[in-house]
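See below for the structure under consideration.
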Amino acid sequence: MPSTAPTNLSILPPVKSSKFPRSWFSFLSVLYCHILLLVSSLPRAGRTLVWVMQAAISYTWFQWRHRHENQASAAYQDALSEQHNQCAIKLLRVCRANGGVYIKAGQFASAFGAVPIEYRRKMACLEDRAIPKPYSVIRNVMLEELGPEAETIFSRFDRNATAAASLAQVHRACLVTGEEVAVKVQYPALAGAVAADLAAIKLFSWLVSKFFPKFNMDWLAYELEHKLATELNFLNEIHNARKLSAILQGRQYKECSAPYMYEELSSPRLIIMEWVNGVKINDIQALKAAGIEPKAVGWALVKVFAELMLIQGYIHGDPHPGNAMVRRRGRRGFWHWLLRDKRQPFEIVMLDHGTYFTADTVMRQQLCQLWCSFVLGDKQLQADVGNFLAGERGASILPVLLTHAARTREEERRLQQSLGIEGFSDMSELLQTASRDLVELLRINTVIRAVSNQLGVSMDERKRVFAWFARRGLPPYYVHAPHIHHKFNQVRRRLQLCTYVLGWHTVVTARACLVATWRYMLGLMYDVL
């Protein structure tokens, strides 16, 4: 669970808020900085424009060469996959060269199942890393945000950044009170650079949608702008982390936490938080070396986000592997010792709380109905709920985006053909017409699915976990509401659902007991031999 607040913060000097003098000189200085930022964004915009033109010519030539082929044939799909792959490689190079907002855009796009699988695989290689700024630059930001006390509240400050991302970099430090902390400092004049890059991305999205109507990407620029608007103010991160900690403290499962935030020492451009020693959640080898079972971590991750999505309605907006660390939690309990289980207890520490998504009651209960329909195998129920959420066309695509388990291009093609989906144009149409809340939920769901698959949790297991929490997220059967399907007001259907999820839970528990008993017997035999 989150660390408790230190008791001796009163000895720290008070932090003064920064005040900027209003004068013509300061106004001209700010204007000059914005002009420099606009000029500095031109090389990034130029690289992106070159890629857009190359991709447009390449796809146009591809369509002309294969104009007489059947688009459903395996040969055409293989050629299209190779075309996607070549363009994705070039786009990956552009994003890495541009950095900043372009890294965020690549990560954002890779989290959507609507994007072709070749692009998702390449963009998934993007790590939110950047070249760290010199300490002198970071020190100036700290002095602006904390005042002269920035030099006195730390007994030790590592001038070399431990991590540098697209918007900020992190330094390890130690407060004068003895606590190890992470100091996250936003880059100077970042708001102007983000505005310039977003303007360029909007322009390129408009050009793509203008010349290729089937590939409308306006939704990507809109969602990215909304996401960055909240991330640039670090006070939002403090508020979100505090609220998540309150939710996690009341949970039945204790495998997740948020780092403690030193709110009295933070500001909109600087945040001081608890230092987390752990390993990246998808680093399988590091987890095993620490004595932590990767699949148990995957189960914990799925359970946490199932509860946040379907019961709490308050979801971490950027749960990619870089924002989820796993660390040991306490010591093994009596039963672990008795059963000779050497696996270490752990907790998942969620980082980067800049963006969160709040689902209203209607959206949350609609998702509960949809996940219950998956485990019940009721296609008509899926269609009815999907039609309510995403319209008539999206009713067939929405289940694919939530439970999509295809790992190869061939599996993806067969799945799309079975549902009558032509490809990216249909997916893009859904994302363009669907509500922003639904788009955000689909993106988060895609990230959790990918990480849990890496940790060994299958799609069927994830369905059952989500169904377990979806059953709890539904209102009582006697509650009638316009957004509740009439089948869930039937006692027979509720009993069928309870029988299914409780039966599955019983089987899983019995299997875990058998495995524990077998390990115990093997441990006894090992000692005897």
Side-chain angles (χ1 to χ4, degrees), residues 46-96 102 105-106 108-126 201 203-221 390-401 403-434 442 446 450:
R47 281 189 289 264
T48 309
L49 179 61
V50 169
W51 178 84
V52 170
M53 295 177 63
Q54 289 178 345
I57 295 172
S58 179
Y59 277 106
T60 302
W61 174 243
F62 174 83
Q63 292 177 353
W64 187 85
R65 283 191 298 119
H66 298 274
R67 64 189 183 279
H68 298 304
E69 294 186 21
N70 181 11
Q71 295 187 6
S73 64
Y76 179 88
Q77 292 296 327
D78 291 340
L80 180 61
S81 176
E82 180 62 26
Q83 175 69 25
H84 285 329
N85 191 59
Q86 292 178 2
C87 291
I89 292 175
K90 295 179 181 179
L91 180 59
L92 178 63
R93 294 171 183 166
V94 171
C95 290
R96 283 177 171 169
Y102 293 88
F108 200 71
S110 68
F112 283 103
V115 177
I117 190 172
E118 293 80 11
Y119 282 90
R120 296 203 307 269
R121 286 175 176 173
K122 297 301 179 184
M123 295 300 105
C125 299
L126 283 173
I201 292 176
L203 175 62
F204 298 138
S205 300
W206 178 81
L207 290 174
V208 170
S209 60
K210 188 72 173 178
F211 293 100
F212 299 93
K214 289 187 176 181
F215 296 88
N216 197 320
M217 299 296 291
D218 290 341
W219 56 270
L220 176 61
E392 185 176 355
R393 186 70 187 105
S396 61
I397 302 177
L398 187 58
V400 179
L401 297 178
T403 64
H404 183 37
R407 297 184 179 181
T408 65
R409 181 70 186 181
E410 180 62 24
E411 292 180 4
E412 188 178 61
R413 182 179 63 84
R414 288 199 301 265
L415 189 60
Q416 289 180 356
Q417 286 182 348
S418 65
L419 293 170
I421 300 173
E422 295 181 2
F424 180 74
S425 59
D426 284 345
M427 299 290 194
S428 179
E429 181 183 355
L430 170 64
L431 296 176
Q432 185 70 18
T433 57
L442 292 175
T446 302

Practice task
Could you tell me the separation between the OG1 atom of T48 and the OH atom of Y102, rounded to the nearest 0.5 Å?
Solution key: 3.5 Å
Practice task
Find the distance between SG (C87) and CD (E82) and round it off to the nearest 0.5 Å.
Solution key: 10.0 Å
Practice task
Please report the shortest heavy-atom distance between A88 and M123, naming the atom on each side.
Solution key: O-CE, 3.8 Å
Practice task
Could you pull out the closest heavy-atom pair between S73 and N70, with the gap in Å?
Solution key: OG-O, 2.7 Å
Practice task
Determine yes or no for a side-chain-to-main-chain donor-acceptor pair under 3.5 angstrom, with W51 supplying the side chain and L92 the backbone.
Solution key: no
Practice task
Return yes when atom CZ of R65 has more than 12 non-hydrogen atoms of other residues, nucleotides or ligands closer than 6.0 Å, and no otherwise.
Solution key: yes
Fill in the blank from the handout: Per side-chain hydrogen bond (donor to acceptor under 3.5 Å, both in side chains), Y59 is matched among Q54, Q83, H84 by H84
Exercise for the section: Spell out, as yes or no, whether a donor-acceptor pair under 3.5 Å connects the side chain of T446 to the backbone of L442. Expected result: yes
Practice task
Could I get the full list of side-chain contact (heavy atoms from CB on, under 4.5 Å) partners for E69, not counting sequence neighbours?
Solution key: H66, Y76
Fill in the blank from the handout: Between the CD atom in E118 and the CD atom in Q86, the distance rounded to the nearest 0.5 Å is 11.0 Å
